[in-house]
Peer 1: 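For reference, the structure I am asking about is given below.
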Amino acid sequence: MTQTTPSLPSNSNASSLSKVRVFVRRRSKRPKTTSLALQQHDLQPPTRDDHYKRSSFPEIEDFAYSGANAITQSSKSEMGLDVTLVESEAASTRPTGELPAHWERVLEGIRRMRCSAEAPVDTMGCEKAGDTLPPKERRFAVLVSSLLSSQTKDHVTHGAIQRLLENGLLTPDAINNADEETIKKMLYPVGFYTRKATNLKKIANICLTKYDGDIPSTIEQLLLLPGIGPKMAHLVMNVGWNNVQGICVDTHVHRICNRLGWVSRPGTKQKTRTPEETREALQRWLPKEEWVPINPLLVGFGQTICTPLRPRCGECGISDLCPSAFKEASNSSPSSKPKKSGPNKKR
DNA sequence: TTCCGGAACC
DNA sequence: GGTTCGGGAA
């Protein structure tokens, strides 16, 4: 059925079809002005209802998002850090209301902080590898990188990808024929490399038998792959297919959006409990042109300032706009963390 | 010892 | 929702 063809949702209406399939219309750097954002909004009248409609049904929208080419560009351009004027112009004409207060100022403030300091994250994680490969092989490289990158430092992932590449093991066919022990050695010391080696063999086989050696092109199909969950599925769609179906929400995006009060459980003011809940809540209001850059932006912010434990609110340029500022660091028990019993138990 | 750019299984 | 899977760096 729709297995090997790029996403063409069966429920898409006629008006959206014209926009589907505009993959990689431009691989060049994001414009240095707001033109992209403004152009996208010009596609349809920027009314409030319309905005919500688009956000609620992202699957029938398919902008060719030039910012998704994380493969060839530096991280700063990915996050729009070289964009001096980002949202303010477009936002000034945009209705407020259910949008979080001052969200543009918050985003701008985070961009500024990220400009002035380096963070461990350098791209959307892992998918630089393969940027010189033909499209089909590059997509597979992106998929494999995503699989390996979970719970793994970026440079470690990159090393494993390099080893696979140098040994000709970065194609579905090669991996399918390779010994699992061999794969395992190539992956080490990637996190959970044993499980990932097993999953990688299965994934290669699925790509060969069901997708003609390519990777799945829809979120639903990607989620059927072992080891690929929501976070990585959206990453692969964004980067592999340049097809923004949803926001790639990891633990940093999840944590920070809740601290900022940007998301909540539907109909309540409670924090979201899972990254998936955060993704759905965030997609309800965040303009689509921010869906891709929000990830590297908040990941870097989360690694350097808005850390899980003891966030550095004193160094944060938007603490005056953050409802959670100075609420976690100052009080509560600094040393004793309840957590679980852990490996502490002696025999 | 603690802390991780998740996902699967219980 | 709680655990487990790995290893490395702080």
Side-chain angles (χ1 to χ4, degrees), chain A residues 70 75 78-79 114 118-129 142-161 163 180 183-200 202-203 219-220 222-240 246-257 265 270-279 282 292-312 328 333-346:
Chain A
S75 60
E78 285 318 303
M79 297 178 292
R114 295 284 283 104
E118 290 298 324
V121 63
D122 50 25
T123 70
M124 294 220 6
C126 49
E127 51 298 315
K128 289 166 299 189
V142 169
L143 176 61
V144 176
S145 296
S146 299
L147 177 76
L148 302 188
S149 70
S150 81
Q151 302 290 282
T152 303
K153 298 293 185 206
D154 196 49
H155 71 276
V156 175
T157 304
H158 188 255
I161 290 294
R163 286 191 294 279
E180 189 167 317
I183 304 291
K184 224 159 118 180
K185 285 174 189 154
M186 312 285 305
L187 299 194
Y188 181 91
V190 159
F192 315 128
Y193 63 93
T194 302
R195 183 174 294 173
K196 285 174 181 176
T198 306
N199 286 339
L200 187 50
K202 290 180 183 170
I203 287 176
I219 294 290
E220 293 75 18
L222 285 166
L223 288 174
L224 292 177
L225 302 178
I228 299 295
K231 192 257 183 181
M232 295 309 174
H234 285 287
L235 179 62
V236 170
M237 287 305 291
N238 290 176
V239 177
I247 299 171
C248 180
V249 174
D250 58 38
T251 178
H252 293 286
V253 176
H254 177 54
R255 177 184 69 255
I256 294 169
C257 285
R265 292 172 67 84
Q270 302 169 30
K271 295 183 170 195
T272 56
R273 291 178 189 168
T274 66
E276 268 298 273
E277 267 186 12
T278 297
R279 185 181 62 78
L282 196 54
V292 168
I294 193 75
N295 180 283
L297 186 68
L298 294 192
V299 168
F301 180 52
Q303 289 171 329
T304 55
I305 296 179
C306 199
T307 50
L309 190 59
R310 283 186 271 282
R312 299 170 174 79
E328 303 185 34
S333 53
S335 56
S336 64
K337 240 183 72 175
K339 247 203 161 163
K340 54 176 183 177
S341 53
N344 210 2
K345 52 179 169 220
K346 8 180 137 180

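Please read all numbers here as calculations on a predicted model, not as lab measurements.
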Peer 1: Identify whether any heavy atom of Pro230(A) sits under 4.0 Å from a base atom; if not, whether one sits that close to sugar-phosphate; answer base, sugar-phosphate or nothing.
Peer 2: sugar-phosphate

Peer 1: Rounded to whole angstroms, how far apart are OH on Tyr193(A) and P on dA7(B)?
Peer 2: 21 Å

Peer 1: Between Phe192(A) (CZ) and dC4(B) (P), how many Å, whole number?
Peer 2: 13 Å

Peer 1: Distance check needed: dG6(C) P versus Leu200(A) CG, whole Å only.
Peer 2: 15 Å

Peer 1: By nearest heavy atom, map Asn199(A) and Lys153(A) onto DNA chain B; which one lands nearer the 5' end?
Peer 2: Lys153(A)

Peer 1: So which atom in Lys231(A) and which in Val249(A) form the shortest heavy-atom distance, rounded to 0.1 Å?
Peer 2: CG-O, 3.2 Å

Peer 1: Among the nucleotides dG1(C), dC4(B), dG5(B), which one has an atom lying closest to any side-chain atom of Thr251(A)?
Peer 2: dG5(B)

Peer 1: So, is Tyr188(A) near the phosphate of dG6(C), with a side-chain N or O under 4.0 Å from OP1 or OP2?
Peer 2: no

Peer 1: Compute whether any side-chain donor of one residue and acceptor of the other, for Thr272(A) and Thr278(A), lie under 3.5 angstrom apart.
Peer 2: yes

Peer 1: Taking all non-hydrogen atoms of both residues, which atom of Leu147(A) and which atom of Gly227(A) are closest, and how far apart?
Peer 2: CD1-O, 3.7 Å

Peer 1: Quick one: which of dG5(B), dG7(C), dA7(B) gets closest to the side chain of Val299(A)?
Peer 2: dG5(B)

Peer 1: When you measure from the side chain of Thr194(A), which nucleotide among dG8(C), dG6(C), dC4(B) comes out closest?
Peer 2: dG6(C)

Peer 1: Given the P atoms of dC9(B) and dG6(C), what is the spacing between them in whole Å?
Peer 2: 14 Å

Peer 1: Ignoring hydrogens, what is the shortest heavy-atom contact between Arg114(A) and Leu297(A)? Give both atom names and the distance.
Peer 2: NE-O, 3.4 Å

Peer 1: Give the rounded distance in Å between these two atoms: CD1 of Ile256(A) and C1' of dG5(B).
Peer 2: 11 Å

Peer 1: Could you state the atom-to-atom distance from CE of Met232(A) to C1' of dA7(B) in whole Å?
Peer 2: 9 Å

Peer 1: Of all the heavy-atom pairs spanning Arg163(A) and Lys185(A), show the shortest one and how long it is.
Peer 2: NE-O, 4.5 Å

Peer 1: Tell me the interatomic distance from Leu147(A), atom CG, to dC5(C), atom P, rounded to whole angstroms.
Peer 2: 18 Å

Peer 1: Taking for each residue the nucleotide of DNA chain B with the nearest heavy atom, is it Arg255(A) or Arg195(A) whose nucleotide lies nearer the 5' end?
Peer 2: Arg255(A)

Peer 1: Base, sugar-phosphate, or nothing for Gly191(A), non-hydrogen atoms under 4.0 angstrom?
Peer 2: base

Peer 1: Between Ile161(A) (CD1) and dG5(B) (P), how many Å, whole number?
Peer 2: 18 Å

Peer 1: For Leu148(A) and dG6(C), give me the distance from atom CG to atom P, rounded to whole Å.
Peer 2: 14 Å

Peer 1: Considering only atom P, compute the distance from dG5(B) to dG1(C) and round it to an integer number of Å.
Peer 2: 23 Å

